[in-house]
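Structure first, then comments.
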Amino acid sequence: MLSREEVTTHLRDTLVETFEVDPEAVTPEARLYEDLDIDSIDAADLMVSLREYTGQQVDPAVFKSARTVRDVVDAVCAMLQAN
Amino acid sequence: MAPGETAARYRGAGRFWQLTATALSFAVFGLGGLFFAACVAPVLNLAFPRLRRRYMARSLIAGWFRLFIAMMRRFGLISWDAHDLGRLQAPGQVIIANHPTLIDVVFLISFLPQADCVVKGSLMGNPFVRSAVRAAGYLINDDSEAFLEAGVARLKAGDSIIIFPEGTRSPPGGMRRFYRGFANLALFAEAPVLPVVIHCAPPGLVKGQPWYRLPPRCLSFDFRALEPFCAQAVAGGIVRARAARRLGRHAQNLYARHLGQGG
(Lines give C-alpha, C1' and ligand atoms only; values in the text may rest on other atoms or scores of the structure.)
Protein backbone atom coordinates (compact mmCIF):
# COMPACT_ATOMS: atom_id res chain seq x y z
CA MET A 1 0.00 0.00 0.00
CA LEU A 2 1.10 3.54 -0.69
CA SER A 3 2.50 5.38 2.28
CA ARG A 4 1.43 8.82 3.39
CA GLU A 5 4.79 10.16 2.21
CA GLU A 6 4.32 8.69 -1.24
CA VAL A 7 0.86 10.21 -1.56
CA THR A 8 2.15 13.59 -0.39
CA THR A 9 5.06 13.50 -2.82
CA HIS A 10 2.82 12.54 -5.71
CA LEU A 11 0.38 15.33 -4.87
CA ARG A 12 3.18 17.88 -4.65
CA ASP A 13 4.69 16.75 -7.96
CA THR A 14 1.32 16.90 -9.69
CA LEU A 15 0.57 20.37 -8.34
CA VAL A 16 3.95 21.63 -9.47
CA GLU A 17 4.13 19.94 -12.87
CA THR A 18 0.56 20.03 -14.07
CA PHE A 19 -0.84 23.05 -12.25
CA GLU A 20 2.28 25.22 -12.29
CA VAL A 21 2.20 25.72 -8.54
CA ASP A 22 5.38 27.11 -6.98
CA PRO A 23 6.98 24.16 -5.09
CA GLU A 24 7.62 26.40 -2.08
CA ALA A 25 3.90 27.14 -1.82
CA VAL A 26 2.90 23.50 -1.39
CA THR A 27 2.66 23.22 2.39
CA PRO A 28 0.17 21.04 4.31
CA GLU A 29 -1.79 24.15 5.29
CA ALA A 30 -1.91 25.68 1.79
CA ARG A 31 -5.48 26.11 0.59
CA LEU A 32 -6.07 24.75 -2.90
CA TYR A 33 -8.42 27.45 -4.17
CA GLU A 34 -7.14 30.56 -2.43
CA ASP A 35 -3.40 29.91 -2.14
CA LEU A 36 -2.56 27.54 -4.98
CA ASP A 37 -4.81 28.95 -7.71
CA ILE A 38 -6.65 25.69 -8.31
CA ASP A 39 -10.14 26.18 -9.77
CA SER A 40 -12.96 23.66 -9.84
CA ILE A 41 -11.98 22.32 -13.26
CA ASP A 42 -8.41 21.87 -12.01
CA ALA A 43 -9.78 20.06 -8.95
CA ALA A 44 -11.64 17.63 -11.19
CA ASP A 45 -8.42 16.94 -13.12
CA LEU A 46 -6.52 16.51 -9.87
CA MET A 47 -9.07 13.96 -8.73
CA VAL A 48 -8.62 12.00 -11.96
CA SER A 49 -4.86 12.06 -11.49
CA LEU A 50 -5.17 10.73 -7.93
CA ARG A 51 -7.49 8.01 -9.11
CA GLU A 52 -4.96 6.93 -11.73
CA TYR A 53 -2.17 7.01 -9.16
CA THR A 54 -3.95 5.03 -6.43
CA GLY A 55 -5.92 2.84 -8.79
CA GLN A 56 -8.98 3.53 -6.68
CA GLN A 57 -12.09 5.61 -7.05
CA VAL A 58 -11.85 8.80 -5.03
CA ASP A 59 -15.18 9.78 -3.51
CA PRO A 60 -15.98 13.14 -5.19
CA ALA A 61 -17.94 14.35 -2.17
CA VAL A 62 -15.01 13.81 0.19
CA PHE A 63 -12.65 15.37 -2.30
CA LYS A 64 -14.83 18.43 -2.80
CA SER A 65 -14.89 19.12 0.93
CA ALA A 66 -11.08 19.13 1.01
CA ARG A 67 -9.75 22.66 1.41
CA THR A 68 -6.03 22.25 2.01
CA VAL A 69 -3.21 20.03 0.78
CA ARG A 70 -3.39 18.14 4.09
CA ASP A 71 -7.14 17.55 3.61
CA VAL A 72 -6.46 15.93 0.23
CA VAL A 73 -3.71 13.69 1.61
CA ASP A 74 -5.97 12.74 4.53
CA ALA A 75 -8.83 11.89 2.18
CA VAL A 76 -6.63 9.74 -0.06
CA CYS A 77 -5.00 7.91 2.87
CA ALA A 78 -8.34 7.26 4.55
CA MET A 79 -9.63 5.80 1.30
CA LEU A 80 -6.55 3.61 0.88
CA GLN A 81 -6.93 2.29 4.41
CA ALA A 82 -10.64 1.59 4.04
CA ASN A 83 -10.06 -0.58 0.97
CA MET B 1 -27.17 69.49 -24.37
CA ALA B 2 -26.27 68.51 -27.90
CA PRO B 3 -24.00 65.54 -28.53
CA GLY B 4 -21.43 67.90 -30.03
CA GLU B 5 -20.83 69.52 -26.67
CA THR B 6 -20.08 66.25 -24.98
CA ALA B 7 -16.43 66.95 -24.33
CA ALA B 8 -17.38 69.99 -22.26
CA ARG B 9 -16.86 69.93 -18.54
CA TYR B 10 -19.93 70.01 -16.38
CA ARG B 11 -20.23 73.10 -14.22
CA GLY B 12 -23.06 74.87 -12.40
CA ALA B 13 -26.33 74.26 -14.21
CA GLY B 14 -24.56 71.69 -16.37
CA ARG B 15 -23.79 69.71 -13.26
CA PHE B 16 -27.45 69.70 -12.24
CA TRP B 17 -28.45 68.61 -15.73
CA GLN B 18 -25.88 65.83 -15.65
CA LEU B 19 -27.28 64.52 -12.38
CA THR B 20 -30.88 64.69 -13.60
CA ALA B 21 -30.04 63.05 -16.92
CA THR B 22 -28.08 60.29 -15.20
CA ALA B 23 -30.92 59.62 -12.77
CA LEU B 24 -33.43 59.58 -15.60
CA SER B 25 -31.32 57.17 -17.66
CA PHE B 26 -30.91 54.72 -14.82
CA ALA B 27 -34.60 55.04 -13.95
CA VAL B 28 -35.50 54.10 -17.52
CA PHE B 29 -33.07 51.20 -17.30
CA GLY B 30 -34.59 49.96 -14.04
CA LEU B 31 -38.17 50.42 -15.23
CA GLY B 32 -37.28 48.48 -18.37
CA GLY B 33 -36.20 45.58 -16.17
CA LEU B 34 -39.34 45.69 -14.06
CA PHE B 35 -41.53 45.94 -17.15
CA PHE B 36 -39.72 42.92 -18.56
CA ALA B 37 -40.39 40.94 -15.38
CA ALA B 38 -44.02 42.00 -15.08
CA CYS B 39 -45.20 41.97 -18.69
CA VAL B 40 -42.70 40.55 -21.16
CA ALA B 41 -41.44 37.43 -19.40
CA PRO B 42 -44.94 36.05 -18.62
CA VAL B 43 -46.01 36.43 -22.26
CA LEU B 44 -42.83 34.81 -23.54
CA ASN B 45 -43.22 31.96 -21.06
CA LEU B 46 -46.78 31.26 -22.09
CA ALA B 47 -46.52 31.72 -25.81
CA PHE B 48 -43.19 30.29 -26.95
CA PRO B 49 -41.02 27.19 -26.60
CA ARG B 50 -37.84 27.53 -24.60
CA LEU B 51 -35.19 28.12 -27.27
CA ARG B 52 -37.36 30.48 -29.30
CA ARG B 53 -38.15 32.37 -26.10
CA ARG B 54 -34.48 32.69 -25.26
CA TYR B 55 -33.61 34.39 -28.56
CA MET B 56 -36.67 36.61 -28.45
CA ALA B 57 -35.74 37.68 -24.94
CA ARG B 58 -32.20 38.49 -26.10
CA SER B 59 -33.52 40.65 -28.96
CA LEU B 60 -35.78 42.54 -26.59
CA ILE B 61 -32.98 43.03 -24.08
CA ALA B 62 -30.69 44.36 -26.82
CA GLY B 63 -33.44 46.80 -27.86
CA TRP B 64 -33.86 47.95 -24.28
CA PHE B 65 -30.08 48.39 -23.91
CA ARG B 66 -29.86 50.32 -27.20
CA LEU B 67 -32.56 52.66 -25.98
CA PHE B 68 -30.66 53.21 -22.74
CA ILE B 69 -27.40 53.92 -24.56
CA ALA B 70 -29.07 56.21 -27.12
CA MET B 71 -30.66 58.10 -24.27
CA MET B 72 -27.40 58.57 -22.41
CA ARG B 73 -25.72 59.72 -25.60
CA ARG B 74 -28.54 62.13 -26.40
CA PHE B 75 -28.20 63.58 -22.90
CA GLY B 76 -24.50 64.11 -23.52
CA LEU B 77 -23.49 61.72 -20.74
CA ILE B 78 -21.57 59.31 -22.95
CA SER B 79 -20.07 59.03 -26.39
CA TRP B 80 -18.36 56.12 -28.05
CA ASP B 81 -16.17 54.95 -30.87
CA ALA B 82 -16.05 51.44 -32.24
CA HIS B 83 -13.37 49.67 -34.25
CA ASP B 84 -13.58 46.34 -36.09
CA LEU B 85 -16.75 45.27 -34.32
CA GLY B 86 -17.70 43.34 -37.46
CA ARG B 87 -15.50 40.64 -35.96
CA LEU B 88 -18.12 40.04 -33.29
CA GLN B 89 -20.48 38.56 -35.85
CA ALA B 90 -18.64 35.26 -36.43
CA PRO B 91 -20.48 32.40 -34.68
CA GLY B 92 -19.23 30.33 -31.76
CA GLN B 93 -16.62 32.72 -30.35
CA VAL B 94 -15.53 33.26 -26.77
CA ILE B 95 -15.71 37.05 -26.59
CA ILE B 96 -13.61 38.42 -23.76
CA ALA B 97 -13.37 42.02 -22.57
CA ASN B 98 -11.84 44.09 -19.83
CA HIS B 99 -14.45 45.64 -17.57
CA PRO B 100 -13.88 49.30 -16.68
CA THR B 101 -17.51 50.38 -16.20
CA LEU B 102 -20.93 49.33 -15.03
CA ILE B 103 -22.36 49.49 -18.55
CA ASP B 104 -19.76 47.56 -20.62
CA VAL B 105 -22.05 44.58 -21.02
CA VAL B 106 -24.91 46.87 -21.99
CA PHE B 107 -22.81 48.07 -24.92
CA LEU B 108 -21.58 44.61 -25.88
CA ILE B 109 -25.09 43.15 -25.92
CA SER B 110 -26.32 46.11 -27.95
CA PHE B 111 -23.54 45.35 -30.47
CA LEU B 112 -24.32 41.63 -30.57
CA PRO B 113 -27.95 41.01 -29.56
CA GLN B 114 -27.89 37.24 -29.96
CA ALA B 115 -24.83 36.74 -27.80
CA ASP B 116 -24.82 34.54 -24.80
CA CYS B 117 -23.38 36.11 -21.74
CA VAL B 118 -21.73 34.93 -18.54
CA VAL B 119 -23.13 36.71 -15.50
CA LYS B 120 -22.37 36.65 -11.81
CA GLY B 121 -24.71 34.62 -9.62
CA SER B 122 -25.34 37.70 -7.49
CA LEU B 123 -27.30 39.26 -10.38
CA MET B 124 -30.07 36.79 -9.64
CA GLY B 125 -30.68 38.80 -6.47
CA ASN B 126 -31.16 42.01 -8.47
CA PRO B 127 -34.90 42.54 -9.12
CA PHE B 128 -34.23 44.86 -12.08
CA VAL B 129 -32.36 42.35 -14.19
CA ARG B 130 -33.14 38.92 -12.71
CA SER B 131 -36.09 38.17 -14.93
CA ALA B 132 -34.31 39.26 -18.11
CA VAL B 133 -31.21 37.22 -17.26
CA ARG B 134 -33.34 34.14 -16.74
CA ALA B 135 -35.42 34.61 -19.89
CA ALA B 136 -32.32 35.16 -22.03
CA GLY B 137 -30.77 32.00 -20.63
CA TYR B 138 -27.52 33.78 -19.77
CA LEU B 139 -25.02 31.50 -18.10
CA ILE B 140 -24.53 31.90 -14.37
CA ASN B 141 -20.88 31.38 -13.53
CA ASP B 142 -20.61 29.33 -10.38
CA ASP B 143 -17.16 27.96 -11.29
CA SER B 144 -18.54 24.47 -11.74
CA GLU B 145 -18.20 21.71 -14.28
CA ALA B 146 -21.88 22.13 -15.08
CA PHE B 147 -21.23 25.74 -16.11
CA LEU B 148 -18.36 24.65 -18.32
CA GLU B 149 -20.43 21.91 -19.96
CA ALA B 150 -23.33 24.26 -20.63
CA GLY B 151 -21.01 26.89 -22.08
CA VAL B 152 -19.23 24.41 -24.33
CA ALA B 153 -22.58 23.13 -25.63
CA ARG B 154 -23.71 26.69 -26.43
CA LEU B 155 -20.46 27.45 -28.27
CA LYS B 156 -20.70 24.27 -30.28
CA ALA B 157 -24.28 25.17 -31.20
CA GLY B 158 -22.92 28.43 -32.65
CA ASP B 159 -23.68 30.89 -29.86
CA SER B 160 -20.95 33.34 -28.99
CA ILE B 161 -20.36 33.90 -25.30
CA ILE B 162 -19.41 37.24 -23.76
CA ILE B 163 -17.30 36.79 -20.65
CA PHE B 164 -15.29 39.19 -18.50
CA PRO B 165 -12.22 37.21 -17.41
CA GLU B 166 -11.64 39.52 -14.45
CA GLY B 167 -14.92 38.26 -12.97
CA THR B 168 -15.95 41.75 -11.89
CA ARG B 169 -15.22 45.34 -12.80
CA SER B 170 -11.58 46.32 -13.29
CA PRO B 171 -10.02 48.61 -10.70
CA PRO B 172 -9.74 52.20 -12.05
CA GLY B 173 -6.89 52.39 -14.54
CA GLY B 174 -5.94 48.76 -13.95
CA MET B 175 -6.87 45.18 -14.48
CA ARG B 176 -7.52 42.22 -12.20
CA ARG B 177 -5.91 38.86 -12.73
CA PHE B 178 -7.91 36.83 -15.27
CA TYR B 179 -9.86 33.78 -14.19
CA ARG B 180 -9.42 30.83 -16.52
CA GLY B 181 -13.08 30.10 -17.21
CA PHE B 182 -12.84 31.70 -20.66
CA ALA B 183 -9.73 29.62 -21.43
CA ASN B 184 -11.42 26.38 -20.42
CA LEU B 185 -14.44 27.22 -22.55
CA ALA B 186 -12.22 27.91 -25.56
CA LEU B 187 -10.13 24.77 -25.02
CA PHE B 188 -13.02 22.36 -24.55
CA ALA B 189 -15.17 23.83 -27.32
CA GLU B 190 -12.15 24.44 -29.60
CA ALA B 191 -13.60 27.91 -30.06
CA PRO B 192 -11.73 31.05 -31.14
CA VAL B 193 -11.18 33.77 -28.54
CA LEU B 194 -12.09 37.30 -29.62
CA PRO B 195 -10.67 40.02 -27.35
CA VAL B 196 -12.51 43.34 -27.12
CA VAL B 197 -10.56 46.17 -25.54
CA ILE B 198 -12.67 48.77 -23.76
CA HIS B 199 -11.39 52.22 -22.85
CA CYS B 200 -13.39 54.71 -20.86
CA ALA B 201 -12.10 58.21 -20.17
CA PRO B 202 -12.42 59.77 -17.71
CA PRO B 203 -12.98 56.74 -15.46
CA GLY B 204 -16.66 56.58 -14.51
CA LEU B 205 -19.30 54.10 -13.33
CA VAL B 206 -16.45 52.20 -11.72
CA LYS B 207 -16.81 49.57 -9.05
CA GLY B 208 -17.76 50.73 -5.59
CA GLN B 209 -18.87 54.13 -6.81
CA PRO B 210 -22.57 55.04 -6.57
CA TRP B 211 -24.21 56.19 -9.82
CA TYR B 212 -24.67 59.75 -8.53
CA ARG B 213 -20.92 60.18 -7.99
CA LEU B 214 -20.58 61.76 -11.39
CA PRO B 215 -17.50 61.96 -13.60
CA PRO B 216 -16.16 65.46 -14.38
CA ARG B 217 -17.23 65.25 -18.01
CA CYS B 218 -18.89 63.10 -20.63
CA LEU B 219 -17.59 59.51 -20.60
CA SER B 220 -15.96 58.65 -23.92
CA PHE B 221 -15.89 54.95 -24.61
CA ASP B 222 -13.75 53.22 -27.16
CA PHE B 223 -14.43 49.64 -28.22
CA ARG B 224 -11.90 47.75 -30.30
CA ALA B 225 -12.19 44.13 -31.40
CA LEU B 226 -8.73 42.60 -31.81
CA GLU B 227 -7.78 39.75 -34.09
CA PRO B 228 -9.39 36.55 -32.75
CA PHE B 229 -6.94 33.85 -31.71
CA CYS B 230 -7.25 30.11 -31.65
CA ALA B 231 -6.75 28.44 -28.28
CA GLN B 232 -5.02 25.48 -29.89
CA ALA B 233 -2.53 27.74 -31.66
CA VAL B 234 -1.54 29.45 -28.40
CA ALA B 235 -1.63 26.41 -26.16
CA GLY B 236 -2.09 23.27 -28.21
CA GLY B 237 -0.55 19.90 -27.36
CA ILE B 238 -0.11 20.49 -23.65
CA VAL B 239 -2.12 19.21 -20.72
CA ARG B 240 -5.40 21.11 -20.18
CA ALA B 241 -4.43 22.74 -16.87
CA ARG B 242 -1.23 24.18 -18.32
CA ALA B 243 -2.96 25.19 -21.55
CA ALA B 244 -5.61 27.13 -19.61
CA ARG B 245 -2.89 28.94 -17.66
CA ARG B 246 -0.95 29.77 -20.78
CA LEU B 247 -4.10 31.14 -22.45
CA GLY B 248 -4.88 33.19 -19.37
CA ARG B 249 -1.42 34.76 -19.44
CA HIS B 250 -1.56 35.27 -23.21
CA ALA B 251 -4.84 37.17 -22.96
CA GLN B 252 -3.74 39.16 -19.93
CA ASN B 253 -0.52 40.25 -21.68
CA LEU B 254 -2.50 41.22 -24.75
CA TYR B 255 -4.70 43.51 -22.66
CA ALA B 256 -1.76 44.92 -20.75
CA ARG B 257 -0.23 45.94 -24.08
CA HIS B 258 -3.41 47.47 -25.44
CA LEU B 259 -4.27 49.28 -22.25
CA GLY B 260 -0.72 50.51 -21.88
CA GLN B 261 -0.11 48.85 -18.55
CA GLY B 262 2.86 46.96 -17.25
CA GLY B 263 0.86 43.93 -16.15
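Letters go in sequence order (proteins before strands), and every chain restarts at 1.
- Chain B forms the most heavy-atom pairs under 4.5 Å with one residue out of A:Ile41, A:Asp39, A:Thr18, A:Leu46, and that residue is A:Ile41.
- Interface residue A:Asp45: only side-chain heavy atoms are found under 4.5 Å from chain B.
- Contact between A:Ser40 and B:Glu145 at its shortest, heavy atoms only, is OG-N, 4.4 Å.
- Other residues, nucleotides and ligands contribute over 12 non-hydrogen atoms within 6.0 Å of the CD atom of A:Glu29.
- With salt bridges taken as basic N to acidic carboxylate O contacts below 4.0 Å, one links A:Glu20 and B:Arg249.
- Other residues, nucleotides and ligands contribute more than 12 heavy atoms inside 6.0 Å of the CZ atom of A:Arg4.
- A salt bridge links B:Arg245 with A:Asp42: the distance from a Lys NZ or Arg NE/NH1/NH2 to an Asp or Glu carboxylate oxygen falls below 4.0 Å.
- For B:Phe65, the CZ atom is densely surrounded, since the number of other residues' heavy atoms within 6.0 Å is greater than 12.
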